[in-house]
*Asks:* 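Dumping the structure here so I can ask a few things about it.
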Amino acid sequence: MTRTVRTRQRGCVKPTGLLFGPGISPVAPAVMLGILTLLDASNALATDPVMQPKVDMCQGCHGIPGYRTAYPEVYSVPKLGGQKASYITKSLKDYRSGLRQHATMRSIAAELSDQDIAAIAAYYAGTKVK
Amino acid sequence: MNRAIASFLSIMFALSATVHAQGADLQESAQRPDAACAACHGANGNQPVMPETPRLAGQEYAYLVDALTQYRSGARQNPLMSAMAKSLTDAQIHALARYFAAQRGLTVKY
């Protein structure tokens, strides 16, 4: 992902001709370094595990419209966008405790802390973490 | 604790009355298949009245069929939903799922 962004950034800068022009070339490395440093800083923020709820592992199934799991059983995956946060929290905790049965969801929920669950629920409900 | 049990029982009592009343409606009226559900899930399944009650509007049809079938069989446990689903026929389950899936509400978020 970082590579894509950097390439795009070079593509944006290059056509201006200023940084790579014959007279101003000594400035170019410093400017480029500055831009890349800023980019790295913003990337680090976006991928910070503390800032980002653990939704990556949800997306593979819940992020695909009309998706059905084929294993361990054929099961239609529910939509989560706009669902109530407290319902998502309850569901994940029920999967984690084994009260609610589904092999894939149980193994995923087993990895989640209460904080993870609250963050995921807030992400899908579109609310702030309580 | 006793108060919690008492309030739970009173909800159950109120709902069981609703279930019996609405069970007849469900068979007679095709216009409002969600009448029994709306007591908890809100109008069109879009405004749940209790924190842990899910929105149903716009949910996947097949998921709703699965959920109701599992509540009916006991594979999924919930005191209220088990009571609600117990008397439903396959045709009623499909009608309810079709109704809620057709409402505007939940989305696929990624």
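Just so it is clear: chains get the letters A, B, ... in the order the sequence lines come, proteins before strands, and each one is counted from 1.
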*Asks:* Are any of the side-chain heavy atoms of Y87(A) and P48(B) separated by less than 4.5 Å?
*Replies:* no

*Asks:* Tell me, do L64(B) and L56(B) make a side-chain contact under 4.5 Å, heavy atoms counted?
*Replies:* yes

*Asks:* What part of Q59(A) is in contact with chain B, defined as an atom under 4.5 angstrom from a non-hydrogen atom: side chain, backbone, both or neither?
*Replies:* side chain

*Asks:* Holding to side chain to side chain donor-acceptor pair (under 3.5 Å), I want the full list of residues that pass it with K90(A), two or more places apart in sequence or in another chain.
*Replies:* D94(A)

*Asks:* Find out whether M81(B) and L68(B) are in side-chain contact, i.e. whether some heavy atom of one side chain is under 4.5 Å from a heavy atom of the other.
*Replies:* yes

*Asks:* With a 4.5 angstrom heavy-atom cut-off, could you sort out which part of L99(A) is near chain B: side chain, backbone, both or neither?
*Replies:* neither

*Asks:* Just say parallel, tilted or perpendicular for the rings of H102(A) and Y95(A), cut-offs at 30° and 60°.
*Replies:* perpendicular

*Asks:* For C37(B) and F100(B), what are the C-alpha separation, side-chain angles and deciding distance, and is it a side chain to side chain contact (heavy atoms under 4.5 Å, CB included)?
*Replies:* CA-CA 10 Å; C37(B) 317; F100(B) 285 115; 3.7 Å; yes

*Asks:* For residues L80(A) and K109(B), determine if any side-chain heavy atom of one lies less than 4.5 Å from a side-chain heavy atom of the other.
*Replies:* no

*Asks:* Does any heavy atom of chain A fall under 4.5 Å from the side chain of R76(B), the backbone, both, or neither of them?
*Replies:* side chain

*Asks:* Only heavy atoms, only distances under 4.5 angstrom. Which residues in residues 107-116 of chain A are near chain B?
*Replies:* none

*Asks:* Would a 4.5 Å heavy-atom cut-off, applied to side chains only, mark M50(B) and C40(B) as touching?
*Replies:* yes

*Asks:* For each of S86(A), P78(A), C58(A), tally heavy-atom pairs with chain B at distances under 4.5 Å, and name the one with the top tally.
*Replies:* P78(A)

